[in-house]
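Heads up: the structure comes next, in structure tokens.
Below, read A as the first sequence line, B as the second, and so on, with proteins coming before strands; counting in each chain starts at 1.
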Protein chains: 2
Amino acid sequence: MADAPKANAVVGQSGGPTGVINASLAGVIEEVCKHPEIKNLYGAMHAVQGIVKEEFVDLKDLSISVLERMAACPSAALGSSRDKPDNEYCEKIFNVFKKRNVRYFFYIGGNDSANAAHIINVMAAEVGYELRAFHIPKTIDNDLLVTDHCPGYGTAAKFVACALMGDDLDNRALPGVKIDVIMGRHAGFLAAATALGKQRDDDGPHLMYFPERPISMDQFISDIDSVYRKLGRCVVAVSEGICDMDSVVWAKKLAVTDEKDAHGNIQLSGIGSLADFLAREVKTKLGVKRVRADTFGYLQRSFVGFQSPIDADEARRCGREAVKFSMTEQSGSVAIKRIGEGDDYAVDMVCTELRNVAEKTKSMPDEFINPQGNGVTEAFINYASPLTGELPKTVYLGGYPKI
Amino acid sequence: MADAPKANAVVGQSGGPTGVINASLAGVIEEVCKHPEIKNLYGAMHAVQGIVKEEFVDLKDLSISVLERMAACPSAALGSSRDKPDNEYCEKIFNVFKKRNVRYFFYIGGNDSANAAHIINVMAAEVGYELRAFHIPKTIDNDLLVTDHCPGYGTAAKFVACALMGDDLDNRALPGVKIDVIMGRHAGFLAAATALGKQRDDDGPHLMYFPERPISMDQFISDIDSVYRKLGRCVVAVSEGICDMDSVVWAKKLAVTDEKDAHGNIQLSGIGSLADFLAREVKTKLGVKRVRADTFGYLQRSFVGFQSPIDADEARRCGREAVKFSMTEQSGSVAIKRIGEGDDYAVDMVCTELRNVAEKTKSMPDEFINPQGNGVTEAFINYASPLTGELPKTVYLGGYPKI
């Protein structure tokens with residue numbers, strides 16, 4: 001491996017924002033400043049769009065107070081994009097890199113971003129242009145390969161866990177059926193995290209549904225009926241990506257719009273129709289009077305002042321490690337490796353090949369989903385609990401001594 | 001005024017939960033324990049329902065750790081109810097009071113709860129039964145009369161302010177039109193609070209709509225068009241209770257259900273149809289590609305771990321003051337009186353007559369709404385800012401020096 005080149009670096013943030021993607025950016029910035037090999041650090045506005053337009057922020061010039069405030073703040077401080085660069089697009093990126101002597105590329109995003117980094121990396125290798133291309137993982141869906149979990153997931157998991165703790169108390173106060181639709185297109189990790197705040201035997205969510213387990217409307221209704229008969233109430237967490245037995249996503253069956261993004265994904269978030277449909281079905285078929293449904297929407301990924309401290313810390317470390325790896329490796333994706341469980345929870349950061357992470361996604365393993373397909377296992381709780389930080393304990397007086 | 005009777009007390013929580021209604025309950029409990037006049041403190045499960053069923057928790061028996069945990073936790077720890085007691089219902093309540101020698105009644109709730117306390121109070125007076133009936137205010141809508149603001153509002157205001165700060169950053173990262181539907185049936189105070197986190201000139205929400213200002217679809221679309229043309233994006237906060245120029249609530253025009261609660265209120269929350277309708281209108285009429293809509297739903301009132309410290313403190317004081325007032329007054333509703341502004345913000349608790357608060361609600365004063373009816377004034381910001389506690393500062397790098 002050649003010495004790290006003396007040159008400039010570009011960093012960008014891509015895909016859906018998260019609560020800690022800015023922590024990763026802060027990690028990149030502070031680590032870059034430690035390495036004299038990297039002269040300028042160009043912050044590309046709106047990801048690849050900013051590269052081709054040469055819309056770059058001078059990130060070495062930020063004050064420490066701005067850096068720290070940014071690290072604590074959700075969404076993507078550099079802006080984002082859902083553009084999926086094709087060869088022609090990558091050619092343009094590459095031309096800007098050459099023009100500006102950019103030899104380091106740090107791209108914070110999901111599997112599509114890993115793929116973009118991979119394509120550009122291959123392109124550079126083909127023409128013998130020395131480029132060090134690194135992907136820094138982020139998703140709230142937690143569906144990237146190799147890494148134990150994704151930065152961004154812990155904060156979103158904390159949000160939905162606290163939301164469901166509150167919603168379950170609300171449902172105890174004013175009983176009925178409550179359905180919450182949670183982000184998660186292909187993987188149920190985030191919907192599963194709604195269980196992390198459960199404290200009492202009869203705490204909700206009582207039922208959870210994931211994209212990994214197709215469910216018929218009859219079964220869905222029958223599950224709710226059974227809980228409602230027993231408890232007089234029922235709280236349900238549903239992944240936006242749940243599908244019918246024919247594997248067609250329910251939201252797609254109901255879609256009033258055929259809007260798709262550049263990656264061919266249909267709109268599941270920022271729309272309440274799935275939740276409303278499920279509520280109507282329950283109301284009609286079970287005759288329950290009080291049925292409510294909420295779609296948590298973008299609150300899950302961009303709520304201010306509610307990071308998981310461990311998630312923010314890991315996201316920042318991922319940013320720093322990407323820069324460190326770039327000093328000795330040619331390319332890669334930073335992955336979190338869990339090296340301790342429970343109270344001894346700890347992680348290491350490792351470097352995996354870009355193509356191991358590019359394009360593909362992972363689903364929840366079978367061992368995390370209960371046999372009925374409507375809840376999580378202890379194995380999931382053990383996996384996810386360390387990622388949110390400690391959750392508050394709640395009180396409901398229903399079970400307390402009567403007088 | 002006769003001496004405070006040596007007898008028992010009942011406390012209940014009624015109506016929609018809030019983030020600090022349990023803080024008020026904690027205030028009642030701790031203050032009751034200081035007054036030997038009050039022997040038992042019966043916590044009525046599910047408000048008036050628990051009274052007639054004699055389902056009472058022994059609140060003097062709670063540990064301090066449970067009390068403090070409860071005070072920090074949203075929703076109604078005693079459960080709630082939307083029952084509106086008629087004369088026959090009140091007769092039953094009254095019989096239980098006589099049977100259990102209950103001479104103190106503390107009822108935490110909105111204007112309907114003040115009315116219930118008022119009816120029972122009148123009934124007791126008519127038969128010469130000594131009863132001390134006190135209402136402790138709570139709503140997230142902030143629409144009670146007399147009080148400067150309602151406990152519960154500050155916490156909900158903090159939630160929507162932080163939500164919109166995050167949502168605005170998200171919208172900067174991935175531009176488009178974003179519409180957020182906020183709770184508020186008759187009053188726009190909560191939707192107005194979405195402005196409290198604004199820091200930069202072009203921060204969203206760029207437009208706000210309130211039940212107090214009927215708006216035509218044409219004007220709504222034209223307002224959004226104008227912002228979108230200028231900024232290339234637009235974030236909109238809409239009260240669930242906004243109405244058309246004919247004063248009919250938009251959500252009612254779209255209602256797929258005619259479900260009403262015992263108070264005759266149509267369902268506006270726990271349903272996403274208004275948001276989806278508005279998004280479709282914008283998409284169709286303006287041809288904007290990326291339009292998203294979220295309905296914040298019950299998260300606004302029952303989210304765990306996110307109280308406004310000042311709101312929690314005031315809610316608790318209201319509970320304590322109700323008990324103190326009951327030692328010297330016969331009945332009343334606790335009201336917050338503001339005695340200092342800005343950095344010198346401070347409040348006193350006063351006692352007003354139950355009938356001053358019962359049944360009626362208040363709207364946002366004209367001076368809080370801009371002349372166009374699509375935003376708030378500095379007067380509103382000055383009024384509401386102290387109630388949330390300090391909000392985090394955010395960072396977006398778009399305006400930073402380019403390189």
Closest approach of [X] to [Y] (non-hydrogen atoms, all atoms of both residues):
| X | Y | result |
| --- | --- | --- |
| B:Pro74 | A:Leu169 | O-CD1, 3.6 Å |
| A:Leu299 | B:Ala163 | CD2-CB, 3.2 Å |
| A:Leu397 | B:Leu62 | CD2-CD2, 3.9 Å |
| B:Cys73 | A:Thr394 | SG-CB, 3.7 Å |

Segment of [X] engaging chain B (4.5 angstrom heavy-atom cut-off):
| X | answer |
| --- | --- |
| A:Cys162 | both |
| A:Leu59 | side chain |
| A:Leu25 | side chain |
| A:Asn40 | side chain |
| A:Ile179 | neither |
| A:Ala275 | neither |

Rounded to the nearest 0.5 Å, how far apart are CZ of A:Arg172 and OG of B:Ser302?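 The distance works out to 13.0 Å.
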
Take a 6.0 Å sphere around NZ of A:Lys60 and say whether it holds more than 12 heavy atoms from other residues, nucleotides or ligands.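 Atom NZ in A:Lys60 is crowded, with more than 12 foreign heavy atoms closer than 6.0 Å.
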
With a sphere of 6.0 Å drawn around CD of B:Glu390, does it hold more than 12 non-hydrogen atoms of other residues, nucleotides or ligands?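 Result for CD/B:Glu390: open.
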
Are the side chains of [Y] and [X] in contact, using a 4.5 Å heavy-atom criterion?
| X | Y | answer |
| --- | --- | --- |
| A:Ile403 | B:Leu41 | no |
| A:Tyr298 | B:Arg292 | yes |
| B:Lys402 | A:Asp58 | no |

Can you list every side chain to side chain donor-acceptor pair (under 3.5 Å) pair that touches residues 67-80 of chain B, not counting sequence neighbours?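 Every pair satisfying side chain to side chain donor-acceptor pair (under 3.5 Å) with a residue in residues 67-80 of chain B: B:Glu68-B:Arg316.
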
Please list, in residue-number order, every residue in residues 13-21 of chain B that has a heavy atom less than 4.5 Å from any heavy atom of chain A; write 'none' if there are none.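 Counting heavy atoms that sit under 4.5 Å from chain A, the residues of residues 13-21 of chain B involved are B:Gly15, B:Gly16, B:Pro17.
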
Just to be sure I understand the criterion: a residue of residues 43-51 of chain B counts if one of its heavy atoms is under 4.5 Å from a heavy atom of chain A. Which ones qualify?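 At a heavy-atom separation under 4.5 Å, chain A is reached by B:Met45, B:His46.
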
Is B:Asp276 reaching over with its side chain to a backbone N or O of A:Ser273, donor-acceptor style, under 3.5 angstrom?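 Present.
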
Check whether the ring centres of A:Phe159 and B:Phe303 lie less than 6.0 Å apart, and answer yes or no.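 Yes.
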
Cationic N near anionic O, under 4.0 Å, A:Asp170 to B:Arg301: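 A salt bridge is present here (some side-chain N lies under 4.0 Å from a carboxylate O).
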
Got a sec, which residues hit ring pair (Phe, Tyr, Trp, His ring centres under 6.0 Å) with B:Tyr396, two or more places apart in sequence or on another chain?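 Listed in chain order: nothing, the list is empty.
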
Assess the residue pair B:Phe296 and A:Asp294 against the criterion (side chain to side chain contact (heavy atoms under 4.5 Å, CB included)); give the C-alpha distance rounded to whole Å, side-chain angles, the decisive distance to 0.1 Å, and a yes or no. CA-CA 7 Å; B:Phe296 286 2; A:Asp294 280 328; over 6 Å; no

I'd like to know which of B:Val304, B:Leu78, B:Asp168 tops the heavy-atom pair count under 4.5 Å against chain A.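 Ranked by heavy-atom pairs under 4.5 Å with chain A, first place is B:Val304.
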
